[in-house]
Amino acid sequence: MDAVTTDAPSASVLAPDASIVLPPRADFTRAVQGALFLLDRRRLFAAARRRHGTTFTLDLPTFGSVALIGDPDVAKQLFLTGSDVVHNVRPNLGRVLGRESMFSQEGEAHRRQRKLLTPPLHGRRMRDYEQIIETEAARELATWPHGRRLQTTPAMMRITLNAILRAVFGADGEELEILRADMPAWIEQGSRIAPIPKPPFRFPGSPWVRFARNRRTFDELIGRLIATARADPNLAQRVDILAMMVRATYDDGAPMTDSEISDQLLTLVAAGHETTANTLAWAVERITRHPDVLARLYDEVDGEADPDPDEQPRNVLRQAVIHEVQRTRPVIDLCGRTVMADRMALGDWVFPKGTVLLVSIAQIQADEALFAHAGVFDPDRFLGSRPNPMSWLPYGGGTRRCIGAAFANMELDVVLRTLLRTYDLQVTGASDEGWHSRGIAFSPAKGGRVVVRPR
């Protein structure tokens with residue numbers, strides 16, 4: 001078979017009898033691959049890339065035989081391939097977020113849900129949530145000790161959880177107090193079990209049994225909140241996401257079911273909480289090691305106090321910093337698809353039906369051909385330009401790009417702005433913090449430590 005050129009618009013479907021051509025198989029034992037994937041997958045991927053190039057085959061727990069793609073052109077082809085040819089990677093986060101979650105849905109069902117859920121997370125609705133986020137950030141920052149080193153990861157977790165709970169559910173109440181108290185442990189538990197194989201049998205005390213019990217509690221709480229919303233005479237005036245879901249209808253006029261609402265709300269809270277919090281902790285870790293960037297951020301935030309409506313937005317450097325943090329410290333390092341065609345040509349390879357294709361976000365975003373001096377933290381590379389969505393992938397790519405990307409970006413910007421207005425961050429000469437795996441997401445190994453003093 002002739003190799004598919006890397007500038008092809010998408011993958012090609014071939015005849016069922018076409019010869020299979022797989023990327024080179026990593027020459028580590030299956031046991032070593034499995035152990036490293038669970039304990040230090042970044043090390044595994046880097047070692048395999050040095051031996052085999054940008055694309056290679058691995059045998060991994062949960063997924064089985066997979067092709068790991070670190071070539072940006074091949075990844076672009078994959079992202080442009082239709083949902084009739086590739087589905088979401090299997091297994092995926094739907095196994096912990098629910099069968100009605102957008103992670104679980106395919107084809108027309110996925111399109112319908114995405115269309116329904118897009119409006120609350122974009123446009124003018126964002127302004128309704130910005131004040132919530134600023135309030136929650138200010139409330140948490142007021143508790144920070146002055147002049148003593150603190151870990152920002154848990155603090156950012158509290159900010160993003162409280163903000164997303166208020167944006168999703170609107171008002172406080174008994175159910176929200178329970179969610180506020182218990183959701184962090186539930187989300188961390190789900191994040192840790194998602195990448196590991198699910199045992200074929202249930203036994204008391206297993207992580208999967210405990211997660212199932214917590215999920216039933218969540219569904220019961222959400223069921224009560226849905227019932228309260230439906231009975232609310234002011235439902236039409238509410239701007240929280242739960243109320244919008246209760247009011248929403250599909251193109252055929254059908255409303256969302258309670259199970260759909262519950263799964264989607266869990267998806268929004270889980271996906272919009274941990275990843276954003278870890279990115280904020282990484283942002284603190286990065287800017288406190290780059291005093292020139294930090295000084296310019298303070299100049300920018302001070303200039304925002306008296307904005308000129310005729311000028312361009314004044315947060316351009318802060319946005320560039322956010323983009324560069326997400327490039328150099330990606331919280332989520334993989335996204336993927338599963339081949340549904342009998343044979344699919346992608347790059348130089350031909351994959352059979354059922355093959356799992358994982359895109360290495362971290363490898364692509366560290367590619368020198370895409371980002372000059374890729375190992376250097378340099379926000380200026382994004383000044384005056386928007387990141388290329390085919391090479392800058394913190395939110396994934398293609399039709400499954402994170403639906404909450406705009407919300408997350410706004411939240412990152414508002415929390416950083418509030419932090420910079422409130423505190424002087426002490427520059428540190430300490431070595432870079434390492435990577436700590438929380439199962440799905442990566443956080444700073446020492447918690448994004450910082451020393452602050454009031455401005």
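Scope of the values below: all heavy atoms of this structure, side chains included, with no hydrogens, waters or symmetry mates. Numbers for residues simply follow the sequence, beginning at 1.
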N/O donor-acceptor pair under 3.5 Å between [X] side chain and [Y] backbone:
{"X": "Trp144", "Y": "Val452", "value": "no"}
{"X": "Asn234", "Y": "Gln237", "value": "no"}
{"X": "Thr418", "Y": "Ala137", "value": "no"}
{"X": "Ser104", "Y": "Gly98", "value": "yes"}
{"X": "Glu285", "Y": "Glu433", "value": "yes"}
{"X": "Arg166", "Y": "Asp240", "value": "no"}

| request: Report yes or no: do Ser262 and Asp219 form a side-chain donor-acceptor pair below 3.5 Å? | output: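 Yes, because at least one side-chain N or O of Ser262 sits under 3.5 Å from a partner of the opposite role on Asp219.
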Residues [X], [Y]: salt bridge by 4.0 Å N-O rule:
{"X": "Asp378", "Y": "Arg327", "answer": "no"}
{"X": "Arg286", "Y": "Asp432", "answer": "yes"}
{"X": "Asp333", "Y": "Arg42", "answer": "no"}
{"X": "Arg296", "Y": "Asp292", "answer": "no"}

4.5 Å side-chain heavy-atom contact, [X] and [Y]:
{"X": "Leu68", "Y": "Gln363", "answer": "yes"}
{"X": "Leu425", "Y": "Tyr298", "answer": "yes"}
{"X": "Leu420", "Y": "Leu294", "answer": "yes"}
{"X": "Leu242", "Y": "Ile226", "answer": "yes"}
{"X": "Leu416", "Y": "Asn315", "answer": "no"}
{"X": "Ile133", "Y": "Phe407", "answer": "yes"}

If you count the non-hydrogen atoms of other residues, nucleotides and ligands that lie under 6.0 Å from [atom1] in [X], is the total more than 12?
{"X": "Arg111", "atom1": "CZ", "result": "yes"}
{"X": "Arg149", "atom1": "CZ", "result": "no"}
{"X": "Phe103", "atom1": "CZ", "result": "no"}
{"X": "Arg99", "atom1": "CZ", "result": "no"}

| message | Applying salt bridge (charged side-chain N to carboxylate O under 4.0 Å, His left out) as the test, list every pair that has at least one member in residues 391-418; sequence neighbours left out. | response |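 Non-adjacent pairs meeting salt bridge (charged side-chain N to carboxylate O under 4.0 Å, His left out): Glu106-Arg400, Glu130-Arg417, Glu134-Arg417, Arg318-Asp413.
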| message | Please evaluate residues Thr288 and Thr428 with respect to the criterion side chain to side chain donor-acceptor pair (under 3.5 Å), reporting the C-alpha separation (whole Å), side-chain torsions for both, the decisive distance (0.1 Å), and the verdict. | response | CA-CA 6 Å; Thr288 53; Thr428 179; over 6 Å; no
| request: Give a yes/no verdict on a cation-pi contact between Arg381 and Phe371, requiring under 6.0 Å between NZ or CZ and the six-membered ring centre and an angle within 45° of the axis. | output: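 No, Arg381 does not lie over the aromatic ring of Phe371.
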